[in-house]
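Indexing begins at 1, ligand by ligand and atom by atom, following the structure's order. Atoms considered below: every heavy atom in the structure, side chains included; atoms not considered: hydrogens, waters and symmetry mates.
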Amino acid sequence: MPRSSVTVPFALALTLVAGLTACGGDDVHGKPGAAGVGDPYFPKMGNGGYDVTHYGLTLSYDPGDKRLKGTAEITARALTDLSAFRLDLSGLNVSDVTVEGRSARWSRAGQELTVRPRADLDKGETFRTTVRYSGTPRTITDPDNSEEGWLRTADGALALGEPTGSMAWFPGNHHPVDKAAYDIGITVPEGLQAVSNGELTSETTAKGRTTYAWHTAEPMASYVATLAIGRYDITRSTAKNGLPVYVAVDPTQKQASEKVLGQIPEVVDWEEYNFGPYPFSSTGAIVDRPDDAGYALETQTRPVFPGATDTKTLVHELAHQWFGDSVTPKSWRDMWLNEGFATYAEWLWQEDHGGNSAEKIFDSLYKGEYYEPVDSSEVWAFPPADPPGAAQISDPPVYYRGAMVLQKIRQLVGDDTFYDIVQGWAAAHRHANADTADFTAYVEKAAPDKDFSGIWKNWLYGKGKPAHP
Ligand code: TRP
Ligand code: ZN
């Protein structure tokens, strides 16, 4: 159900903090940080005034009573003098907040947890905030009606965060523009597994409970953080160059999953050949049951699939490791940089493995003869670089027309330059953020003798179905 969405200007996000004044500090010179980072689709997501460098999450969860208990240690650098700052947290009960070990005043309003440290924070200062919390985490319904946040599964739980769900299980700066390293420790009843991003650094059992410690060294946007709790068959292997592969599969999905998951090393290898070096220190997958989630998600190093998947979807979610997880959008308006590339990766895979060429797929989409269950008129509903609202950021134009933009570039520059652009783009913004303007500038610089203005105007930003020879 599409909801009517209005773009909220950055200025509004800033005025939201106007009512807050610094008080009670023993050194007052800063101002409160903003309650958002100015995202056009999700104005309350993220917070101004600081940059998180590391999240240390110590969590416990029992599927029996459905309660999550957590301590979040958030290390951040102040970007300005701050009298107060905000974290995003939805639901759950906060019991205590400290900054640099001293108890801090805090208050909550909607998803904003406002923290006032005893003393103002100085611009450039690194500070550690500790938030203790507990409760039954909630499921969040997206503007497009899909479910994310904390999902209860048949045998445990699954945390999915695109675009806003991670605030349902830990407080943080929940906007893709603030990436950080993570250590996630999770304690569950003995006999259950807990799987997250990155590498498993320890697993200890005591008094009937098992603690799993997961480490993510490379920057991670909070929307691709994940946690899967339940019974899983775990398979560890290595791909080329010794890249660790950690795959967790719900036992009911094991047989149907085996063949496709066995392709992970081959897919990563093919994607490295096409996109450049794999950006993280491990890979793998998490497969839950078909009813546990409504979609697959490119959670960092370890995409989540609801039920046994197919090669095409595996190629898509692993391509997101380069396009989305490593090169991350600056705002949710830039979603096509994720989904256009991941969809184009599916086309390239088919082209390289005896299927239709990307050009042929483009043509069939253009003619309305595409073989996927997508109403081809939907592909022209809006320009990929400018979805009309938050409810449309995962609609067909973002995926298919986004991929068509890449095919138009390829047609104009030829294969050699095209692959240089794809690899150069992934390298130029590796572990960072980029937007559509960064992309068009990059492409223009890579092929200075070509005129891309028609592609940008008609295919990227233009309304309606562009002309195509
Ligand atoms: N990113 C997912 C994929 O295509 C799909 C998805 C899930 C999504 N939730 C979303 C896209 C929210 C946009 C917004 O692999
Ligand atoms: Zn995708």
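Residue contact check: Met335 has heavy atoms under 4.0 Å from atoms 11 (C), 13 (C) of ligand 1. Less than 4.0 angstrom separates some heavy atom of Glu339 from each of these atoms of ligand 1: 1 (N), 2 (C), 3 (C), 4 (O). Interface atoms of ligand 1 facing Glu298, defined by a heavy-atom separation under 4.0 Å, are 1 (N), 2 (C), 3 (C), 15 (O). Within ligand 1, counting atoms from 1 as listed, the ones closer than 4.0 Å to a heavy atom of Tyr399 are 2 (C), 3 (C), 4 (O), 5 (C), 11 (C).
Among all protein heavy atoms, the one lying closest to atom 8 (C) of ligand 1 is Glu162 OE1, 3.1 Å. Residue, atom and distance of the protein heavy atom nearest to atom 15 (O) of ligand 1 are Glu317 OE2, 2.6 Å.
Every N/O-N/O distance between Tyr295 and ligand 1 stays at or above 3.5 Å. Taking any N or O of Ser394, backbone or side chain, none lies under 3.5 Å from an N or O belonging to ligand 1.
For Ala296, every heavy-atom contact with ligand 1 shorter than 4.0 Å involves the backbone, none the side chain. Looking at His320 against ligand 1, only its side chain comes within 4.0 Å, counting heavy atoms.
Atom OE1 is the N/O/S atom of Glu339 found closest to the Zn ion (ligand 2).
Between His353 and Trp349, the ring planes lie parallel to each other; the angle is under 30°, not in the 30° to 60° tilted range. Aromatic ring pairs are classed by plane angle as parallel below 30°, tilted from 30° to 60° and perpendicular above 60°; the pair Trp456 and Phe452 is parallel. By the 30° and 60° cut-offs, the orientation of the rings of Phe170 relative to Tyr55 is perpendicular.
More than 12 heavy atoms of other residues, nucleotides or ligands shown are found within 6.0 angstrom of NZ on Lys312.
Using a 4.0 Å cut-off between charged nitrogen and carboxylate oxygen, Arg289 and Asp250 count as a salt-bridge pair.
With no hydrogens or angles considered, a side-chain donor-acceptor pair links Glu199 and Ser282 at under 3.5 Å.
Between NE2 of His320 and NE2 of His316, the angle at the Zn ion (ligand 2) works out to 100°, rounded to 10 degrees.
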Distance-only check: which donor-acceptor pairs under 3.5 Å involve side-chain atoms of residues 416-424, not counting sequence neighbours?
residue, atom, partner, partner atom, Å
Gln423, NE2, Tyr273, O, 3.0
Gln423, NE2, Asn274, O, 3.1

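Distance alone, capped at 3.5 Å, places no donor-acceptor pair between the Asn356 side chain and the Gln350 backbone.
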